[in-house]
A.B. asks: 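Got a structure for you, questions after.
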Amino acid sequence: MCDLEQTESCNTLFQRTRKHAKAGVNGGRFYSAIVFIIAANRRGELVTVEREAMDFDVVVVGGGPSGLAASIRLMQLASESGQEITVCLVEKGSEIGAHILSGAVFYPRALNELIPDWQEQGAPVNNPVTKDEYHCFLSETSSVPIPRMFIPKPIHNAGNHAISLGNLCRWLGEQAEALGVMTFPGFAATEILFDEQDRVCGIATGDMGIGKDGEQKPTYQPGYELRAKYTLLAEGCRGHLGKQLIQKYRLDADAATQHYAIGLKELWEVPEEREDQGKVIHALGWPLGLSSAATGGSFLYHLENRQVSLGLIVDLAYKNPYLSPFEEFQRWKHHPVIVNEIAAGTRVSYGARAIVKGGLPALPKLTVPGAALIGDDAGFLNVLKVKGSHTAMKSGMLAAEGVFESLKQGDAGTEIDLFDRVADSWLFEELNSSRNAGPAWHKWGLFVGSAYSFIEQNLLGGKSPLKLSDPKPDYETLDHVTSAKPIEYPKPDGILSFDRLSSVFLSNTNHEEDQPCHLTLADETIPVAQNLPNFAEPAQRYCPAGVYEIVEEESGSRFQINAQNCVHCKTCDIKDPAQNITWIAPEGGGGPNYPNM
């Protein structure tokens, strides 16, 4: 046992499982099996163990705002009623918060409901917005401020806080554990389990220690079957298990087309003279333009400790296959408004993630027998407000209340009434009032679409009779290269703008290289044979981490996947015009490790 604790990586897992051993037979079994497997692996033995199953009342997949809020609410309800339940939360990141990336200006409404005394409890939400600016970038050097009176009311940030969402999730994880939730970071959920009646009955975590050839390595560790009466999928945007569930049950059959964006973010440390804690800037326009060719927006938030969070959001409905969201982000930082905020500063972190933005019309059916989709796995982000943490948390809390009610009645695997609960809450009211924002931008472009949103929100109170939609999915929007204009991006200067590889380095991304590629191709001939001549292989441009390359060889062009660079943004799964790329979870603990993001 002491020999096991001498290895730091093993010790992390050892400590994580030991503290749950007191939770009962499930925690103890998990602890004992992990200790046995790691100890045997340290002796160089090849361990082949069949998957062991553990039973819980509820399994939550994902340690983001929705999953953590659901876990906490379940335990609160159990405590209030004097009923004992078991809740397990699995998170593929190395720790809670490791994969969390958001701007973020946080609206604390859901947190107020979940933990009313969060301020006294020390939640890392203590940077109120002090200045709220809006700009329209007309060109790379010019801009005009947008008066507050012309900004749609839901975008105003009075009472909000500029925070690190990752740090908030770390704190919520501590609250969940204190209430008795068994949290298992570093374990990726890779499979949905179904019973004989085709009801969801839990998930399985992925095997670890499988080589690229599919064979077991000496470090092999089998996955676990985490069986549950109810399973809540809270994986975030484009969750791969959520995607499977939607496809299997055709949950989106009656929903509008879902749309997405990619958000790219950096964290900077600025000199003391540029510190302006609580200042928030949002901008439209350059470099994305004011037409429907490419829409999106940008942000810059002054945090605590002289840190500045800044980023660019690019709608994935863009048309030009030569467009690179990463390169657009790098040149955006050269605009005078941005330079004024970060000049002489130091970049300390980088990340990217997809953002679900279809809104209320694109919500799929939320439940199946034994499971529910919550947070961004379903698509609860308020695209007009440019905020999704509070809505994700509320969806998780409502799901928890539905699940607990079923458990209290002795049900297991029935379908909960989540949509009815959503419909009767402020969550529905908020999303319904902003349902046209995304389609308006797609339909009329950023300038006219934003003007429409102003009219709808400020003059009509969010009660427009129109129901706008954009039925074309993002992967169908690219123009053929013959009608697209190539884009020449400036080289990075190493001061304000940087290349992909140095950026990925700052994301602390790491994967075990000898493992099966988690970016799978349905047809390996498609990238070069079809996409390359038609769309100039856009994967090499829309990927923000240099995962995809076209390598020229004597025999011709070869499509190369550098999976170890992947920051788990899932843009490729969304934007690939052939829908040939599928993102699946790699070994648990892999991917980015975002600090303070």
Side-chain angles (χ1 to χ4, degrees), residues 16-17 19-31 52-91 96 110 113-116 169 172-185 187 189 192-193 195 199-205 224-235 366-375 377 392-418 420-421:
R16 182 193 311 157
T17 52
K19 72 180 178 180
H20 292 301
K22 297 179 181 179
V25 64
N26 287 328
R29 285 166 63 198
F30 191 90
Y31 164 77
E52 187 173 350
M54 296 183 291
D55 296 318
F56 300 91
D57 290 310
V58 185
V59 167
V60 180
V61 181
S66 63
L68 290 165
S71 301
I72 290 170
R73 187 65 184 134
L74 279 165
M75 301 308 288
Q76 288 174 338
L77 292 167
S79 177
E80 292 166 6
S81 66
Q83 181 175 342
E84 291 188 7
I85 64 171
T86 54
V87 179
C88 172
L89 182 147
V90 293
E91 161 59 37
I96 300 295
E113 296 178 3
L114 182 66
I115 306 176
C169 286
L172 288 172
E174 294 172 357
Q175 309 312 303
E177 289 185 344
L179 291 169
V181 176
M182 297 177 64
T183 62
F184 294 120
F187 294 91
I192 303 174
L193 303 178
D195 65 13
R199 299 176 300 188
V200 175
C201 62
I203 58 95
T205 64
Y224 268 73
E225 290 189 358
L226 306 179
R227 297 186 171 273
K229 297 172 184 176
Y230 289 97
T231 302
L232 300 179
L233 297 180
E235 306 161 284
L366 300 175
T367 57
V368 300
L373 298 166
I374 59 178
D377 229 342
M393 291 179 66
K394 184 62 175 178
S395 71
M397 294 157 63
L398 293 171
E401 291 165 4
V403 165
F404 186 77
E405 187 64 31
S406 293
L407 291 174
K408 191 167 65 173
Q409 295 174 4
D411 294 337
T414 57
E415 196 164 344
I416 65 171
D417 57 346
L418 178 54
D420 290 340
R421 291 176 182 272

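Note that the coordinates shown come from a computational prediction; the quantities given were computed from them, not determined experimentally.
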A.B. asks: Got a second to check how far K408's NZ is from L77's CG, nearest 0.5 Å?
C.D. replies: 8.0 Å

A.B. asks: Applying salt bridge (charged side-chain N to carboxylate O under 4.0 Å, His left out), name anything that partners D195, two or more places apart in sequence or on another chain.
C.D. replies: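 In terms of salt bridge (charged side-chain N to carboxylate O under 4.0 Å, His left out), with neighbours along the sequence ignored, D195 is linked to R199.
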
A.B. asks: For the CZ atom of F187 and the CG atom of L226, what is their distance to the nearest 0.5 Å?
C.D. replies: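 CG of L226 is found 9.5 Å from CZ of F187.
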
A.B. asks: Could you report the tightest heavy-atom contact between A110 and M393, atom names first, then the distance?
C.D. replies: CB-CB, 3.8 Å

A.B. asks: Give, for atom CE of M397 and atom CZ of R421, the distance between the pair rounded to the nearest 0.5 Å.
C.D. replies: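 Going from the CE atom of M397 to the CZ atom of R421 covers 12.0 Å.
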
A.B. asks: Taking all non-hydrogen atoms of both residues into account, name the closest pair between A234 and D377 and its distance.
C.D. replies: N-OD2, 3.7 Å

A.B. asks: Using the side-chain hydrogen bond (donor to acceptor under 3.5 Å, both in side chains) criterion, which residues pair with E405? Sequence neighbours excluded.
C.D. replies: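 Residues passing side-chain hydrogen bond (donor to acceptor under 3.5 Å, both in side chains) with E405: Q409.
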
A.B. asks: Tell me every residue that passes side-chain hydrogen bond (donor to acceptor under 3.5 Å, both in side chains) with T414, counting only those two or more places apart in sequence or in another chain.
C.D. replies: Y230

A.B. asks: Enumerate, atom names and distances included, each donor-acceptor pair closer than 3.5 Å involving a side-chain atom of residues 56-76, sequence neighbours excluded.
C.D. replies:
unit_1, atom_1, unit_2, atom_2, d
D57, OD1, K229, NZ, 3.0
D57, OD2, T86, N, 2.8
D57, OD2, T86, OG1, 3.4
S71, OG, G67, O, 2.9
R73, NE, E401, OE2, 3.2
R73, NH1, Q76, OE1, 3.2
Q76, NE2, L114, O, 2.9

A.B. asks: Minimum heavy-atom separation for F404 to S81, with atom names?
C.D. replies: CZ-OG, 3.1 Å

A.B. asks: Before you tell me yes or no, could you show the steps for L89 and V87 under side chain to side chain contact (heavy atoms under 4.5 Å, CB included), namely the whole-Å CA-CA distance, both residues' side-chain angles and the distance that decides it to 0.1 Å?
C.D. replies: CA-CA 7 Å; L89 182 147; V87 179; 5.7 Å; no

A.B. asks: Do you know the tightest heavy-atom contact between A228 and T231?
C.D. replies: CB-OG1, 4.1 Å

A.B. asks: Please identify each residue that fulfils side-chain hydrogen bond (donor to acceptor under 3.5 Å, both in side chains) with T367, with sequence neighbours left out.
C.D. replies: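 With sequence neighbours excluded, T367 shows a side-chain hydrogen bond (donor to acceptor under 3.5 Å, both in side chains) to E415, given in chain and number order.
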
A.B. asks: Can you list the residues that meet the salt bridge (charged side-chain N to carboxylate O under 4.0 Å, His left out) rule with E174, with sequence neighbours excluded?
C.D. replies: none

A.B. asks: Around atom CD of E80, are there more than 12 heavy atoms of other residues, nucleotides or ligands at under 6.0 Å?
C.D. replies: yes

A.B. asks: Can you name the nearest heavy-atom pair linking I374 to A399, along with the distance?
C.D. replies: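 Taking every non-hydrogen atom into account, CG2-CB, 3.6 Å.
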
A.B. asks: For the CZ atom of R227 and the SG atom of C201, what is their distance to the nearest 0.5 Å?
C.D. replies: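 Between R227 CZ and C201 SG, I get 4.5 Å after rounding to 0.5 Å.
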
